[in-house]
There are 2 protein chains.
Amino acid sequence: MVRDRSIPEATVTRLPVYLRALVDLAEASAGTVSSDELAEAAGVNSAKVRKDLSHLGSYGTRGVGYDVAYLIHQIRRELGLTQDWAIVIAGIGNLGQALANYDGFAERGFRVAALVDADVARVGERVGDLEIRHVEDLPALVEELDVAIGVIATPANAAQVVADQLVEAGVRSVLNFAPVMITVPPGVSVRKVDLAVELQILAFYEQRKATLADVKRRGRAVADMPAR
Amino acid sequence: MVRDRSIPEATVTRLPVYLRALVDLAEASAGTVSSDELAEAAGVNSAKVRKDLSHLGSYGTRGVGYDVAYLIHQIRRELGLTQDWAIVIAGIGNLGQALANYDGFAERGFRVAALVDADVARVGERVGDLEIRHVEDLPALVEELDVAIGVIATPANAAQVVADQLVEAGVRSVLNFAPVMITVPPGVSVRKVDLAVELQILAFYEQRKATLADVKRRGRAVADMPAR
DNA sequence: CAGTGTGAACCTTTTCACAGCA
DNA sequence: TGCTGTGAAAAGGTTCACACTG
């Protein structure tokens, strides 16, 4: 059967989760893993694991499971993590600093190559082993360091300006932590992480749980928050 | 028509996004907004906005649009944001500190009520106007401050232990920033934010863009990253 | 015979398109 | 006339269940 080149979006979002679970398993020196075990570790069900992995090809062995090391390799290849990616962080406030020092990036092939801020007073300050540069230097930094991904950690009101500067400088992918939607030209990818949004979603389900107290109001119990 | 009490999960995840856009619009003193305008501001399409809002009830006016202030009120009510929620942050490293100082929480009704860390050496240290407390104090803090939501900002290896402590202390909702899956008893909600996962997803699409260079390989162009 | 790979059924979400209302 | 609200259609994602294989 010809393998379809395109992997469903939902699968793409889960591959990094499997990858981490697999790396943990590898460290625990597991040679092989079943879809059941991997599902458990990733917090999904095993049918989903098998479907997802089948999009990569037939890398499992019936009656045995998947070879951990080989599967790690395949997922890395599929996600483009065999190379490492240089990222630039724009906006070195609390969040920017936390991101600059976040070990999870380096562990997974993302190298924080540069830090920029619009505040001239901050320029020259050291964070970890990088020096904060002025945002005006972006074009040179992107070019020099071959930066592919820009991370926006500025306040909301600066985000669009910085996004424009990143794009102008040649960055093609943007991860936006600012609590505002930014617009970019076609061909540039954006993902948005909004810390407060996640809390609001939790609050919704928390509130709904409280409603469980007066269950008698209706026949059917109020649903629990769906597992992800 | 009887309005169904249950709002689709996909809609719940978008309500906070609409809410923010609406608050921005309100600040720009817009009295009314059409589904088209709101869609633009939220980065989705207008049919989705109308479907989503229709789950809250019929709050729009045909030929005119939605009353911004009223819609804000309705979404807040639906999300349970009319009260404010006390949260505790566990693990006061770089990320924990950034979260403790993050304005976006307070702005949206989340009050950081306590900070805890397992490292006794950190106890007593001040971050903003809170003092770091020892993780052992969790039960007392949760009780006293009526904490509903716990945020885990510890390293991966401490996350499960802290999650257990939070649940033990009475927290019913957990936002997990640690790069590991945690398990909790039924009835406790967990959402997970993984900073590196988002980067990995971007890398996937970035890599795919690179593949566009050799478009001739196949008839159909490689798809762009789907908009969220 | 344990566990993958996968059609088929099912469910959720998105999009379309337009009737109906202010 | 302009824009909401919503059935109906389409797309996308999940789960089931089992044939098949190492």
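Note: hydrogens, waters and symmetry copies are ignored here, and every other heavy atom, side chains too, is used. Protein chains get the first letters and strands the later ones, always in sequence-line order, with residue 1 at the start of each.
Straight-line distance from the CD1 atom of Ile7(B) to the P atom of dT13(C): 12 Å, rounded to whole Å. In this entry the distance linking NE2 of His55(A) with C1' of dG7(C) reads 13 Å, nearest Å. Rounded to an integer number of Å, the gap from Glu37(A) CD to dT4(C) C1' is 13 Å. For the pair Arg62(B) CZ and dC3(D) P, the computed distance is 14 Å after rounding to whole Å. Nucleotide dG3(C) holds its C1' atom 15 Å from the CG atom of Asp67(A), rounded to whole Å.
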Show every donor-acceptor pair shorter than 3.5 Å between a side-chain atom in residues 63-71 of chain B and any protein atom, with sequence neighbours excluded, or say none if there are none.
from, atom 1, to, atom 2, distance (Å)
Asp67(B), OD1, Ala69(B), N, 3.4
Asp67(B), OD1, Tyr70(B), N, 2.9
Tyr70(B), OH, Gln74(B), NE2, 3.1

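Lys51(B) places no side-chain N or O within donor-acceptor distance of the main-chain N or O of Ser46(B), the cut-off being under 3.5 Å.
Phosphate proximity of dT4(C) to Ser35(A): present, with a side-chain N or O under 4.0 Å from OP1 or OP2. Applying the 4.0 Å criterion to OP1 and OP2 of dG5(D), one finds that Tyr66(B) has a side-chain N or O inside that range.
Legend: residues meeting side-chain contact (heavy atoms from CB on, under 4.5 Å) with Arg62(B), ordered by chain and number and at least two apart, are absent. For the side-chain contact (heavy atoms from CB on, under 4.5 Å) test, residues two or more places apart in sequence or in another chain that qualify with Thr11(B) are Ile7(B), Pro8(B), Arg14(B), Leu15(B), Asp52(B), His55(B). Qualifying side chain to side chain donor-acceptor pair (under 3.5 Å) partners for Asn176(B), counting only residues two or more places apart in sequence or in other chains: none.
Sequence order on DNA chain D of the closest nucleotides to Arg50(A) and Val64(B) puts Val64(B) first from the 5' end.
Applying the side chain to side chain donor-acceptor pair (under 3.5 Å) test to residues at least two apart or on different chains, the pairs with a partner in residues 163-174 of chain A are Gln160(A)-Asp164(A), Ser173(A)-Glu206(B).
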* When you check every protein heavy atom under 4.0 Å of nucleotides 8-15 of chain D, what one-letter string (B, S, -) results, 5' to 3'? -> B----SSB

